[in-house]
Amino acid sequence: MPDTRGICACIAAMLLPRRYFTRLLLVLFAILMLAALGLRLHWRPLVAEEGRASGAMLLAPMVGVVDTCIATPTDTAGAGSLQQGCTGKEGSAAALVEATLKQLQPVAPQEGTGYPLGYTLPVPLLQLFKAQGEGWAIDEERVQRVARTVHESARPLILYLFATHFSAHAPIEQALARDPANLAQTRDGPLPIDSYHGDPLYPWTVARTDNSLTERRVQAIRALLGALCELPAQDLAKIRGVTLLGELQQMFPHFETGMGFDDLYRVSDYSATSVAGFRRYLQAQFGDIAKLNMAVGARYASFDEVQPPSRDIRTEPLTRYTEHMDSYAHGILPISGWAWVPGRKDDLWVQVYRNGGFLGRVKVNQGRQDVLQAKPEFGDANTGWRLDMDFRELPVGLHRITAMLELAPGKLVPLGAREIAIMDEHQQTPLPQAQQPLPTPVAAPEGMQGHVDMPRERQSFYYNPLAPFWLAFRRQQVAEYLQFFDQVAAQSCLKKTPRYTHQILPQANPGWDENKFAVGNTLRTQGDLRLGVSLYGNASYDADLAKWLGSSGKHEYGITEFHPLRAMDAEELRKTLALHARRGAKFLSFFLEPYWEGRAVERAHNIFSLDPQNPQFGSAQLYRSMQEILQPAPAR
């Protein structure tokens, strides 16, 4: 802060007897100096804020170097310069990272201006193993390639310790999958190996840490961090953050298509370990079985009698009503659909009524790629809307749900109505509820289209008071598994390096049942483990969501994957980046295809990569816009 003592002394001297005019000039001069100083002091924080918004957030694209460099065989006889540099003696991915980033930013700006450009280095933990005799051992050469990449690249990076259900095409995966203790279990037993866009998907469990899967993940992390900790301090300082495991969640069958509400309800985890854990969880919550019975309306003799809810009352016999389970058993049901009006984009709302009474109002702005695919003439996927209704206190009976599109205050157009049945354990025939008159509708504008997807007509809903506790326990399992690995990473020289989750955001998709994923507890900073989240579609640029992320991340969060799923020009993308920087994002990562000598490396390309040759989801335009943002400002 500037020293104001000289100015104060100047003002004091003016109070001495002097000629009036001279004294007046000096007073005016001092006032101007104070005003200027005040302006300087006032504006300095704003300038700092602007600098933080434009400079502190690291752009860290996830360059696809693992399959090309780190996880490739060591035999490079006859290979080109890229392969020799990757896998030859003292090989690393540093040169490929730099060649790729040079395509994105041919001329680096002066330090301290614009967004710094680094990279995200994904390390598939299970790819760090090789077969050895009857077992498995750490592939030290692969570990050293990662360490040499960090050492040889001058750029800052985010270290991504990747180990999730998406296959890393590691030979050890099949061996681990043969052990049921490693697999998530539904009520019907261990889930089978699934597929996602043609690649294997392994339903790894999060219900326990005393299995071989967790042991191997820990072994790989310790080997990798051990090698990194041997690097000079200036290399370790390049690591701006560590993201843990990836999209960690509870599992369910038919992963690629089973994320919604309509499929047969089968979720994890119902293993013996998980059932015992649920009983301990309830005992910790209630202490006495009588208190649990009072809360859920049951007659358990002890906590050992409690079974996690898993049966559908509509189609299966129940021993106790508390056995009922489906996507709505916790007492919340989604009311959702889509709407589109020609020429209207950002100012549409839907009002929802129950039995004629106003229930709520939601914005039409959620991503519906399925709608855009069916109706490409809309030109926009953000046509979805959703309101979640709590029905726990509603009387048993038939209730009428009506959705109306709000064109302007007082101007409502009907979208659709559904009659639903709120039921209880007695399953008596539901009777219609009294209705209030709805607002008088107006005519639909020309070309308007819309639909109510959920709930279905005459769909029934049962509230089981035990279900919310079961869902809370499943969320706790996910969070505790991540916390376990946070402690593993903290036991290294990177203890003070910020650590982040790398989590999915299921509630951003109106058609998904977020309780299947059970990631809610991980969508906020917890202790030393910071919030890291993948943002797709509207979630990547929605101002309200960015505000929520800043709050949930305690004003510091990471964006582990970023894709708006539509084209943006440089100005719109610049505003989006600034939005997250202001809210506290410390880094922003997006997929980037590797380039060598000006040409894309031959590999299986990611459909979400920002790339000049990728026509999907506006990716080519997004790449060009990012290029423009990263160019140095013209000299003045």
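Index from 1, following the sequence. Just so it is clear, the model here is predicted, and its values are computed rather than measured. All values below come from the heavy atoms of this structure, side chains included, with hydrogens, waters and symmetry mates left out.
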Participant: For the side chain of R155 and the backbone of Y119, is there at least one donor-acceptor N/O pair under 3.5 Å apart?
Facilitator: no
Participant: Minimum heavy-atom separation for S336 and P510, please, with both atom names.
Facilitator: OG-O, 4.3 Å
Participant: For the CD atom on E316, are there more than 12 heavy atoms of other groups (residues, nucleotides or ligands in this structure) within a distance under 6.0 Å?
Facilitator: yes
Participant: Please answer whether the main-chain N or O of F608 pairs with a side-chain N or O of Q616 as donor and acceptor at a distance below 3.5 Å.
Facilitator: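 Side chain of Q616 to backbone of F608, a donor-acceptor pair under 3.5 Å: no, none is there.
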Participant: Is the distance from the ring center of W470 to that of Y270 below 6.0 Å?
Facilitator: yes
Participant: Do S609 and D611 have a side chain donor and acceptor closer than 3.5 Å?
Facilitator: no
Participant: CH2/W596 to CD/E98 distance, rounded to the nearest 0.5 angstrom?
Facilitator: 10.5 Å
Participant: State, to 0.1 Å, how close L622 and P564 come at their nearest heavy-atom pair, and which atoms those are.
Facilitator: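 The answer is CD1-CD, 3.7 Å.
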Participant: Aromatic contact between F517 and F252, with the criterion being ring centroids under 6.0 Å apart: yes or no?
Facilitator: yes
Participant: Main chain of V65, side chain of T68: is a donor-acceptor contact present, judged purely on distance under 3.5 Å?
Facilitator: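 No, because the side chain of T68 does not come within donor-acceptor range (under 3.5 Å) of the backbone of V65.
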Participant: Would you check if the distance from the ring center of F590 to the ring center of H563 is below 6.0 Å?
Facilitator: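 No.
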Participant: Is it true that the NZ or CZ of R279 lies under 6.0 Å from the centre of F473's six-membered ring and within 45 degrees of the ring axis?
Facilitator: no
Participant: For a 4.5 angstrom cut-off between non-hydrogen side-chain atoms, does D528 reach R499?
Facilitator: yes
